[in-house]
Amino acid sequence: MSQGFSIELYFDPALENQVLKAWNVLARRQISTQLIEMESRPHISLFSTPFLDPAKLESVVKSFASKQEPLPLSFSSIGAFPNENNLLFLAPAPTMALLQFQAQLSGAIKKEGIEIGKDFKLDSWIPFCPVAQQVPKTRISEAFCVLRELKLPVSGYAMEIGLVEFSPVREHFSFGLGNSIET
């Protein structure tokens, strides 16, 4: 059964591979395998909701993506949300371009009559790229040590935006930003 829907920002292949390297090292050390098992893709969530008609958003996201250019990203720090999910993440430098991108997307979604949850409103959205979840409390410090081995910052571009249903992750559609090739 679906737990929800998320609009995700995807990266260029080199940046995606840097994130996948972190996922794989954490999996080999048996710290966290959940993102791999749920068949997720390295991403930053721009919007999430428990209920949605994907067809209602497809043209909105396609139109939005066509007006955007690839977005420079630089993951410069490691962080955690220490709650029942124990999520570890790479945090991008919160550039004005990234914040405006998310705010404009939220505006386009809101025009369709879709409610923007509090975590994705302009003044409270925190951009992050998950690298591990469901990390046992006793292994969080070890996971941070593993992630410190990444030579931060890792930089690249956001190249694509897509809608997924989770979990497991199932992509409904994705579109390249600007003039990049649609998938």
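- Looking at every heavy atom in both residues, L35 comes nearest to V131 through CD1-C, 3.4 Å.
- For the atom pair CD1 (I126) and CZ (F81), the distance works out to 4.5 Å, reported to the nearest 0.5 Å.
- Residues F47 and I109 form a side-chain contact, since some pair of their non-hydrogen atoms from C-beta on lies under 4.5 Å apart.
- You'll find the side chain of Q18 stays beyond 4.5 Å of the side chain of F75, heavy atoms only.
- Two residues are said to be in side-chain contact when any heavy atoms from C-beta on lie closer than 4.5 Å; I31 and L88 fail this criterion.
- With hydrogens and angles ignored, the 3.5 Å screen pairs no side-chain donor or acceptor of S63 with any backbone N or O of V60.
- Shortest non-hydrogen contact noted between S48 and F5 is OG-O, 3.0 Å.
- Of the possible polar contacts, one joining the S124 side chain to the K118 backbone as a donor-acceptor pair under 3.5 Å is found.
- Taking both residues in full, the closest heavy atoms of A65 and G176 are given as CB-O, 3.7 Å, listed atom of the first, atom of the second, then distance.
- Rounded to the nearest 0.5 angstrom, K56 NZ and I114 CD1 are separated by 5.0 Å.
- To the nearest 0.5 Å, the span separating CG on L52 from CD on E115 amounts to 13.0 Å.
- To the nearest 0.5 angstrom, L20 atom CG is 10.0 Å from L15 atom CG.
- D12 contributes a side-chain N or O that, together with a main-chain N or O of A14, makes up a donor-acceptor pair within less than 3.5 Å.
- Put simply, the side chain of I36 reaches to within 4.5 Å of the side chain of N24, judged on heavy atoms.
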Could you walk me through whether M159 and L177 satisfy the side chain to side chain contact (heavy atoms under 4.5 Å, CB included) test, starting with their C-alpha distance in whole Å, then the side-chain angles of each, then the deciding distance to 0.1 Å, before giving a yes or no?
CA-CA 5 Å; M159 302 294 290; L177 300 180; 5.7 Å; no
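- Listed for the S32 side chain is no donor-acceptor partner under 3.5 Å among the backbone atoms of L26.
- Counting heavy atoms from C-beta outward, F175 and E160 have side chains that stay 4.5 Å or more apart.
- Residues L87 and P130 share a closest heavy-atom pair of CD1-CB, 3.7 Å.
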Do F64 and L57 pass the side chain to side chain contact (heavy atoms under 4.5 Å, CB included) test, and can you show the C-alpha distance, the side-chain angles, and the key distance before you say yes or no?
CA-CA 10 Å; F64 176 80; L57 272 185; over 6 Å; no
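- For R41 and E16, the salt-bridge test passes: some basic side-chain N is under 4.0 Å from an acidic carboxylate O.
- Annotation: side chain of F120 is in contact with side chain of S45 (closest heavy-atom distance under 4.5 Å).
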Would E165 and E171 satisfy side chain to side chain contact (heavy atoms under 4.5 Å, CB included), going step by step from the backbone distance to the final call?
CA-CA 6 Å; E165 188 172 350; E171 186 175 282; over 6 Å; no
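- For the atom pair CD of E8 and OG of S6, the computed distance is 4.0 Å after rounding to the nearest 0.5 Å.
- Shown here is E39, whose CD atom has no more than 12 heavy atoms of other residues, nucleotides or ligands within 6.0 Å.
- The two residues I78 and R148 come nearest to each other via the heavy atoms CD1-N, 3.7 Å.
- A 4.5 Å side-chain heavy-atom check between L152 and S76 finds every atom pair outside the cut-off.
- Put simply, L105 and L122 are part of two different groups of oily side chains (I, L, V, M, F, W, Y) that touch within less than 4.5 Å, one to the next.
- Surrounding CG of L99 are more than 12 heavy atoms belonging to other residues, nucleotides or ligands, all under 6.0 Å away.
- Proximity of the aromatic rings of Y157 and Y10 is defined here by a centroid distance below 6.0 angstrom, and this criterion is not met.
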Start with the C-alpha distance between I161 and I7, add both sets of side-chain angles, then the distance that settles side chain to side chain contact (heavy atoms under 4.5 Å, CB included), and finish with yes or no.
CA-CA 7 Å; I161 186 173; I7 295 179; 3.6 Å; yes
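- Around NZ of K21, the count of heavy atoms belonging to other residues, nucleotides or ligands within 6.0 Å does not exceed 12.
- Looking only at side-chain heavy atoms (C-beta outward), W125 and I44 come within less than 4.5 Å of each other.
- Between C129 and F11, the shortest heavy-atom distance links the atoms SG-CE1, 3.8 Å.
- Atom CD of E37 sits about 10.5 Å away from atom CD of Q134, to the nearest 0.5 Å.
- Aromatic ring orientation, F89 versus F128: tilted (interplanar angle from 30° to 60°).
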